[in-house]
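As C-alpha cells, the structure follows; a few thoughts come after it.
Treat the numbers as computed from the prediction; the structure is a model and nothing was measured. In each ligand, atom 1 is the first atom listed, and ligand 1 is the first ligand listed.
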Amino acid sequence: MIDSTLIERIMEIEAKSERREIKSYAIRGNVLSENEKELIAKERKYLVFNESEKLDFSSLFENSNDTVIEIGFGSGDATAEIALNNPNTNYLAVEVYLHGIVNLLRLIGDGKIENIRVIRWDASELLKTAIPDSSVSGFHIFFPDPWPKKRHHKRRLLKSDFLALLSCKLKEDGYIYIATDWHDYANSILEEAERVETLKNESSSFSERSSWRPITRFEKKGLESGNNIFEIVLKKRR
Ligand SMILES: C[S@@+](CC[C@H](N)C(=O)[O-])C[C@H]1O[C@@H](n2cnc3c(N)ncnc32)[C@H](O)[C@@H]1O
C-alpha cells in the first residue's frame, strides 16, 4: 500500500509555486507513474518534514556525523557518487525537479546508500524554516540555473541575501562549494559573496577544481558546448 500522504507532500511544491513570488526554479514534469510512487514509498529516504519544527540531523541520520546540504542536485548522479565515496558524511539533498528526486531515490536503492536523505522543497524556504543555525558543515551548489536573459537575472539563486542565509546555517569553518559554466553568473557570485561579511573567499577569485567533485549532467552539457567551468569556494569567517 502506497502512503498517499507521502505522495501528497511530494506534490505540495506545485501548489506553493503558484504563489507570485520570484522563484529560482521552474517546475517541470509533475506527474508520477505508479512505479515511481512505489519507489518513493519503498526507499524511505524521502523526507517529509514539519515546517514548524527544525530538523535534527542526528536523529534524521541516526549519527553525529557532519551534514552537507546539496541544493538543486538535478538527476542526483553526482550526489550519489559523492555520498558513496564519503560514507561518514551525511548528505541532505534538496531539489524541486520531481524526476530528479525519483532518479536519486533509485540510485540510493541500487547503491544501498545510507547517508543521503532527499527532500522536494524550495531550498530557500527550507533553510529559513527547518534548518537550525550553525548546524551545516557544507553546501554544494553545482550549476545553479543560470537564467541567462537579463530580465531573468532576478531569478538567480546566488545573491548576497541567499549567501548570507547559507552562512548563517554553516558551522564554524563550514564551506559553500559552487560551480557554474556561466562566466557572468560566476563573476556576479564573486561580487555578491564579497558583500557578505561572514564569508571569505580564500582564493580571492575562482578556485581550482576539487578532485572529489564528479562531473554533473549539467556540467557535461556545458563542456560539450565548449564552456569553461568556474569553481567558487567560500568559507565561513571565524
Ligand atoms: C541547472 S540545474 C543543475 C542540476 C545539477 N546540479 C547538475 O549540475 O546537473 C539546477 C537545478 O536546481 C534546481 N533548483 C533551482 N532553484 C532551486 C531551489 N530554490 N530549491 C531547490 N532546487 C532548486 C532546479 O530544479 C534544477 O534542477
Side-chain angles (χ1 to χ4, degrees), residues 9-30 46-47 49 51 55 68-83 91-105 107 116-131 136 138-149 152-166 169 176-186 188-189 192 209-210 212-225 227-232:
R9 285 300 303 261
I10 280 200
M11 304 313 270
E12 244 177 24
I13 188 100
E14 262 79 21
K16 286 211 159 233
S17 300
E18 281 164 19
R19 287 193 204 154
R20 300 193 60 162
E21 298 148 25
I22 296 167
K23 297 285 182 200
S24 61
Y25 56 86
I27 296 282
R28 308 164 273 161
N30 58 359
Y46 183 77
L47 175 64
F49 74 104
E51 281 166 283
L55 287 178
V68 168
I69 298 186
E70 179 171 354
I71 297 173
F73 59 77
S75 61
D77 303 69
T79 319
E81 191 175 331
I82 292 172
Y91 294 91
L92 178 61
V94 189
E95 176 54 86
V96 294
Y97 172 45
L98 190 56
H99 295 290
I101 300 269
V102 172
N103 193 55
L104 180 54
L105 290 172
L107 293 171
I116 302 181
R117 298 293 179 277
V118 184
I119 187 157
R120 186 169 191 233
W121 210 251
D122 179 335
S124 195
E125 281 189 27
L126 181 80
L127 288 165
K128 285 180 199 153
T129 58
I131 305 296
V136 180
F139 286 99
H140 294 170
I141 309 172
F142 303 144
F143 303 88
D145 288 301
W147 295 109
K149 291 184 182 146
H152 287 152
H153 283 187
K154 56 182 179 292
R155 300 187 68 164
R156 287 178 166 176
L157 186 63
L158 297 176
K159 307 255 184 59
S160 57
D161 53 351
F162 186 73
L163 292 169
L165 177 64
L166 297 184
K169 302 298 163 183
I176 304 172
Y177 195 120
I178 300 161
T180 177
D181 61 335
W182 282 82
H183 198 181
D184 81 306
Y185 195 11
S188 94
I189 296 167
E192 296 284 328
R209 185 198 181 93
S210 291
W212 56 262
R213 192 178 75 69
I215 294 185
T216 73
R217 265 198 208 180
F218 205 83
E219 178 174 15
K220 195 160 169 276
K221 286 188 199 159
L223 289 169
E224 283 164 3
S225 310
N227 296 351
N228 291 322
I229 308 297
F230 304 93
E231 323 262 331
I232 299 171

> Any idea how His140 and Tyr91 line up, ring-wise: parallel (<30°), tilted (30 to 60°), or perpendicular (>60°)?
Replying inline: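 It falls in the tilted class, 30° to 60°.
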
> Is Lys128 salt-bridged to Glu51, going by a charged N under 4.0 Å from an acidic O?
Replying inline: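 No.
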
> So among Tyr185, Phe218, Phe142, which one has a side-chain contact (heavy atoms from CB on, under 4.5 Å) with Thr180?
Replying inline: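 Considering Tyr185, Phe218, Phe142, a side-chain contact (heavy atoms from CB on, under 4.5 Å) with Thr180 is found only for Tyr185.
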
Pairs of nitrogen or oxygen atoms, one from ligand 1 and one from the protein, closer than 3.5 Å: please tabulate them with distances.
from	atom 1	to	atom 2	distance (Å)
ligand 1	6 (N)	Gly72	O	2.8
ligand 1	6 (N)	Phe142	O	2.7
ligand 1	8 (O)	Phe142	O	3.4
ligand 1	8 (O)	Thr216	OG1	2.6
ligand 1	9 (O)	Thr216	OG1	3.4
ligand 1	9 (O)	Phe218	N	2.9
ligand 1	16 (N)	Ser24	OG	2.8
ligand 1	19 (N)	Ser24	OG	3.0
ligand 1	19 (N)	Asp122	OD1	3.1
ligand 1	20 (N)	Ala123	N	2.9
ligand 1	25 (O)	Glu95	OE2	2.6
ligand 1	27 (O)	Arg28	NH2	3.1
ligand 1	27 (O)	Glu95	OE1	2.8
ligand 1	27 (O)	Glu95	OE2	3.2

> Do Ile71 and Leu157 have side-chain heavy atoms sitting under 4.5 Å apart?
Replying inline: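 Yes, at least one pair of side-chain atoms sits under 4.5 Å.
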
>> Could you check whether any side-chain heavy atom of Phe230 comes within less than 4.5 Å of a side-chain heavy atom of Ile189, counting everything from C-beta outward?
In response: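 They are not in contact (no side-chain heavy atoms under 4.5 Å apart), so the answer is no.
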
>> Taking side chain to side chain contact (heavy atoms under 4.5 Å, CB included) as the definition, give me every residue that meets it alongside Glu95, ordered by chain and number, with sequence neighbours left out.
In response: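 For Glu95, the residues satisfying side chain to side chain contact (heavy atoms under 4.5 Å, CB included) (neighbours in sequence not counted) are Phe73, Tyr97, Ile101.
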
